[in-house]
Amino acid sequence: MVIKLYDMDTMEYSGSIVVSGTAWEYRDVHNDHMISVTRGMPLKPLLACLVQFNLVYDIIDT
């Protein structure tokens, strides 16, 4: 599964989250603060936190 991230105001692509089982990793995400705050979180709480970073997401099931 891939979760594409977009800026809430501009809808500009802001990277993605690649999910494999229960593990996930960021791709093309450049917000170091968000990465450090969310590192190691389970996926569901991570998705809930994205709004605090002005991000929305689209889930692409592969």
Side-chain angles (χ1 to χ4, degrees):
M1 172 173 41
V2 176
I3 301 170
K4 298 205 176 219
L5 306 174
Y6 301 94
D7 181 273
M8 188 181 296
D9 298 322
T10 65
M11 294 305 290
E12 181 179 323
Y13 176 74
S14 298
S16 61
I17 301 169
V18 178
V19 181
S20 178
T22 60
W24 59 267
E25 65 178 305
Y26 287 116
R27 296 265 169 90
D28 303 322
V29 173
H30 303 291
N31 185 332
D32 292 331
H33 177 66
M34 181 179 79
I35 292 170
S36 69
V37 168
T38 59
R39 182 177 293 129
M41 275 187 172
L43 185 60
K44 282 186 180 184
L46 165 66
L47 294 177
C49 286
L50 291 177
V51 70
Q52 296 172 336
F53 297 100
N54 204 43
L55 295 173
V56 293
Y57 60 91
D58 188 20
I59 297 175
I60 312 296
D61 217 359
T62 55

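The figures that follow rest on heavy atoms only: side chains count, while hydrogens, waters and symmetry mates do not. Residues: numbered from 1 along the sequence shown.
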query = Between Tyr6 and Tyr57, is a side chain to side chain contact (heavy atoms under 4.5 Å, CB included) present by the stated rule, with each step listed?
reply = CA-CA 6 Å; Tyr6 301 94; Tyr57 60 91; 5.9 Å; no
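Rounding to the nearest 0.5 angstrom, the gap separating the OG atom in Ser14 from the NZ atom in Lys4 is 12.0 Å. Between the CG atom of Asp61 and the CD1 atom of Ile59 there is a distance of 8.0 Å, given to the nearest 0.5 Å. Rounded to the nearest 0.5 Å, atoms OG (Ser16) and CD1 (Ile3) are 9.0 Å apart. To the nearest 0.5 angstrom, Ile17 atom CD1 is 11.5 Å from Arg27 atom CZ. For the atom pair CG of Asp32 and NE2 of His30, the computed distance is 9.5 Å after rounding to the nearest 0.5 Å.
Partners of Thr10 under the side chain to side chain donor-acceptor pair (under 3.5 Å) rule, at least two apart in sequence or in another chain, are Asp7.
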For residues 38-56, which side-chain donor-acceptor pairs fall under 3.5 Å, sequence neighbours excluded?
| residue | atom | partner | partner atom | Å |
| --- | --- | --- | --- | --- |
| Thr38 | OG1 | Tyr26 | OH | 2.6 |
| Thr38 | OG1 | Met34 | O | 2.7 |
| Asn54 | ND2 | Asp9 | OD2 | 3.1 |

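Hydrophobic clustering keeps Trp24 apart from Val2 (ILVMFWY residues linked when any side-chain heavy atoms are closer than 4.5 Å, directly or through intermediates). Linking ILVMFWY side-chain heavy atoms closer than 4.5 Å, directly or via other members, places Met8 and Tyr13 in a single hydrophobic cluster.
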